[in-house]
2 protein chains.
Amino acid sequence: MTADIRMTDPRSTRALAPRRHGEILRRLAADGTVGITELADFFDVSRQTIRRDLKLLADRGQLDLVHGGATLFEPTEAAFTARREENADAKAAIGRAAADLVRDGMVVFLDSGTTTLAAAHALLECKNLTICTTSLSIALLMCRQSLTRVHMLGGEIDRDEEASIGVDALEAINHFRVDVAFLGGGGLSPDGEVTDFTRNGAEQRSRMVATAGKAYFLLDSSKFGRLTPLRIPRFELAAGVVVDRRPPEAICEALERKGPALIVAA
Amino acid sequence: MTADIRMTDPRSTRALAPRRHGEILRRLAADGTVGITELADFFDVSRQTIRRDLKLLADRGQLDLVHGGATLFEPTEAAFTARREENADAKAAIGRAAADLVRDGMVVFLDSGTTTLAAAHALLECKNLTICTTSLSIALLMCRQSLTRVHMLGGEIDRDEEASIGVDALEAINHFRVDVAFLGGGGLSPDGEVTDFTRNGAEQRSRMVATAGKAYFLLDSSKFGRLTPLRIPRFELAAGVVVDRRPPEAICEALERKGPALIVAA
DNA sequence: AGAAATAATTACATTATGCAACATAAACGG
DNA sequence: CCGTTTATGTTGCATAATGTAATTATTTCT
C-alpha cells in the first residue's frame, strides 16, 4: 500500500531500542494490537526484551499492556468500549473497505460509532487527509497522526455515542465541503432503508448525505433486518452501503432499487 | 531503492568528518534512527569516532543520542503525553483547589492543558455540572459522568494540545453563559502577567476571562517566571490565579496590584 | 472446577555500549 | 625539521541492554 522507502530494516541493528519502539507503535496504529511473540520473532530478540519495550511505552502512556501483548491506548473506557469488541473483525473489514474509497488529500467526514471508529483506524494509513468528525474518540485518534488535520464538530456530547450531537453540530456541518462521508446507522430495514435510533442522529446523517460529495453507510451484519424507529431522510442519495457480508436477497434488491450501491468488504 | 545521485561516496575519503555528518543526517531523515555499529561499519571507522560525530551533532541540536545510536530530535513528539507526568502531584493539588471553587449545578468552562485535566478529575465529584471545554480528553472524561452535561467547542484540533482552537472555538464561546472558567497558561511572567505560547490560545483565553462570571488561571510552579511570547489581553479581569506554592514575592506583589487573587493549593 | 498451556515475573548471567584516558598518525606552520 | 594541532584509534572499566532459566500468574480447554 504505502511504498516502504526506509533504507534500514527495523531488524537490522538488534540493539537499537527506538527502532523497535517506532515499529511497535506503527504496527499498533495499523492493527490496534501487537503480540509479544510475534514481535520477538520479527526483531529476533527475546520475549523479555519486547516485554521491557512494551512496559516502557506503556509507562509513557503510548499503549496499554494486555496479557500477551499490547493494545492501543484509548482514554476511552465505557459502554462504548464494550460495543467496540462486538463483531470486531467484521468492523475492521468494513473499515478497510471504507479506507479503499479514500485517496490521499481528501476531506473525510467520520460519523460517531464503533464501525466508523474502525474506519478511522484504517484511515491512519492515508496521508494528508482532513478529517471532520463528531466523535471524540476519532478526533483524539486522528489528531495524533502528523499528516492529518482534524476538525471536531462541537456541540452537546451524547453520553452513549461519546460524540457531539444537536443544533451546534448540525450547524457546523454546513461549514465544510466534504469529499467522502462515512456514516453509521442503527439498522438496515427489510425494505432496504438505513434507520436510526434518535431524531437528532437521523437528521445529522441526513444532512451529511445531502451535502457530502459521496456518502457511505457502514453497517455490520448485526444490523441486517433490525428495526429502529427513525428513517434517515434522503438516505437514497447515499453513494453506497458498506457491509461485511451480503445481506438477505430481499434487502439487496430493495437497496438496489433505491440507488445506493452495495459494497461487501472482503 | 533511493537513487544515489551523489558523485562522491561518503566513504571515499575517510578523514572528512563533514561527509560523515551529511550522510548521518540523511540516514536519520530517511529512517528516523541510526546505529553506531552500522555507521562504523559503513564508514569503516571506529565506533568511538562515530560516537564523537554523534555527540557533536547532538550538541548542535541536530539529533538525539540514544543507547546504541541516535534518533531524530523531536521536541514535540508525544509532547502532551510526556507533560502529563510532569509535576503530577502539584497539578492534582491545584485541581482540588479549583474544584473547591465550584458548586453543584454550575456551568464550568475547562480550558485545554494538563493542569485543567487534573481539575476535571477533581470535578468528577460534583453533581449536575454543565461542562464546556475545548479539550478532547476532558470531554471524553466528563461525558462518562452520568450527572454531568458536556459541551465540546468545535474547531480545528491542535495536535499538541489535543484541543480545538481557532475561529470556530472562539465563535462557540459566545454561545455560553459560564459561571466559572478554569484556564491554563504558558507562563507567569515576573511582572505578574499570565502569558501564552500562541496567538489563538491567548485570544481564546482572553475571551473567556471577559465573558465568564469568574475566571481562574491554573498554573503549577514550573510556570513561575517563565517568559512566553504573548500576553493574555484583559488578563487582569480574572478572579484569581491558582498555584501549588507561593511564587516569588515580586510576582505576588505585581499580581496583587493588577487585581487577581492568589490562591495557593494545600 | 481442574489440568494443561501460555505468559509474566524475578533474579542473575552475558553481551554490548558508553566513557575517559592515552596512543598514534597525518596535516600544518614556522 | 620540529613542535603543534587535529582527527582518529585503542584500551580498560563502568554501565546499560539483553538473554536465560526457574518460579509464579493467567488463560484456556475440557
Side-chain angles (χ1 to χ4, degrees), chain A residues 8-28 31-73 77 81-82 84-89, chain B residues 8-28 31-73 77-78 82:
Chain A
T8 50
D9 190 301
R11 284 166 289 190
S12 58
T13 303
R14 291 184 29 182
L16 259 193
R19 245 175 223 172
R20 291 196 304 269
H21 298 167
E23 176 67 18
I24 288 170
L25 293 175
R26 201 164 320 114
R27 284 174 167 232
L28 211 47
D31 305 344
T33 62
V34 289
I36 290 208
T37 305
E38 110 207 1
L39 289 169
D41 289 348
F42 178 76
F43 293 119
D44 192 29
V45 297
S46 72
R47 281 186 253 279
Q48 187 60 32
T49 298
I50 298 297
R51 250 175 231 123
R52 288 188 266 240
D53 286 341
L54 295 182
K55 168 96 168 52
L56 195 144
L57 293 170
D59 288 344
R60 284 197 219 150
Q62 304 196 19
L63 46 74
D64 263 345
L65 292 178
V66 297
H67 201 85
T71 65
L72 275 177
F73 177 75
E77 314 273 351
T81 313
R84 188 173 45 207
E85 301 302 327
E86 297 168 12
N87 232 342
D89 292 344
Chain B
T8 49
D9 189 307
R11 282 167 291 191
S12 57
T13 305
R14 288 187 29 185
L16 276 192
R19 270 191 199 154
R20 289 198 305 269
H21 297 170
E23 175 67 15
I24 288 169
L25 293 174
R26 198 163 327 107
R27 283 174 168 233
L28 210 48
D31 301 346
T33 61
V34 290
I36 289 209
T37 305
E38 97 203 11
L39 289 170
D41 289 349
F42 179 76
F43 294 119
D44 192 29
V45 296
S46 74
R47 297 215 309 258
Q48 189 62 38
T49 298
I50 298 297
R51 218 167 265 129
R52 286 189 267 243
D53 287 340
L54 294 182
K55 170 92 167 53
L56 196 143
L57 294 170
D59 288 343
R60 284 195 217 149
Q62 304 196 33
L63 46 74
D64 258 347
L65 292 178
V66 297
H67 196 89
T71 65
L72 276 177
F73 180 69
E77 184 189 13

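Each chain gets a letter, A, B and so on, in the order its sequence line appears, and its residues count up from 1.
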Next item on the list: Take atom CD1 of Ile50(B) and atom C1' of dC19(C), then tell me their distance rounded to the nearest Å.
Entry: 16 Å
Item checked: Nearest-angstrom distance from the residue atom CZ of Phe43(B) to P of dG9(D) -> 12 Å
Margin query: Can you work out whether Gly69(B) or Thr37(A) has the more 5'-proximal nearest nucleotide on DNA chain C?
Written below: Thr37(A)
Check: Tell me: CD of Gln48(B) to P of dG18(C), nearest whole Å?
Finding: 9 Å
Check: Considering only heavy atoms from C-beta outward, does the side chain of Ile24(B) approach that of Leu63(B) to under 4.5 Å?
Finding: yes
Next item on the list: May I have the distance from Asp53(A) (atom CG) to dA17(D) (atom P), rounded to whole angstrom?
Entry: 10 Å
Checklist line | Separation of atom CZ in Arg52(B) from atom P in dT10(D), rounded to whole Å | finding: 11 Å
Notebook entry, point to check: In whole angstrom, what separates Arg47(B)'s CZ from dT15(D)'s P?
Noted result: 18 Å
Note to self: Just so I know, are the side chains of His21(B) and Gln62(B) near enough to count as touching, which here means a heavy-atom distance under 4.5 Å?
What the structure shows: no
Note to self: Using whole Å, what does the distance between atom P of nucleotide dT15(C) and atom CD1 of Ile36(B) come to?
What the structure shows: 21 Å
Margin query: Using OP1 and OP2 only, check whether a side-chain N or O of Ser46(B) sits under 4.0 Å from dG9(D).
Written below: yes
Notebook entry, point to check: Which of the following nucleotides, dA8(C), dG9(D), dG18(C), is nearest to the side chain of Arg51(A)?
Noted result: dA8(C)
Check: What is the distance, rounded to the nearest whole Å, between atom CG of Leu39(B) and atom P of dA16(C)?
Finding: 18 Å
Next item on the list: Determine, for Glu23(A) against Arg19(A), whether the closest basic-nitrogen to carboxylate-oxygen distance falls under 4.0 angstrom.
Entry: no
Notebook entry, point to check: Are OP1 or OP2 of dT18(D) and a side-chain N or O of Arg20(A) less than 4.0 angstrom apart?
Noted result: yes
Check: Does the side chain of Leu54(B) come within less than 4.5 Å of Arg51(B)'s, by heavy atoms?
Finding: no
Checklist line | His67(A) vs Thr49(B), nearer the 5' end of DNA chain D by closest nucleotide | finding: Thr49(B)
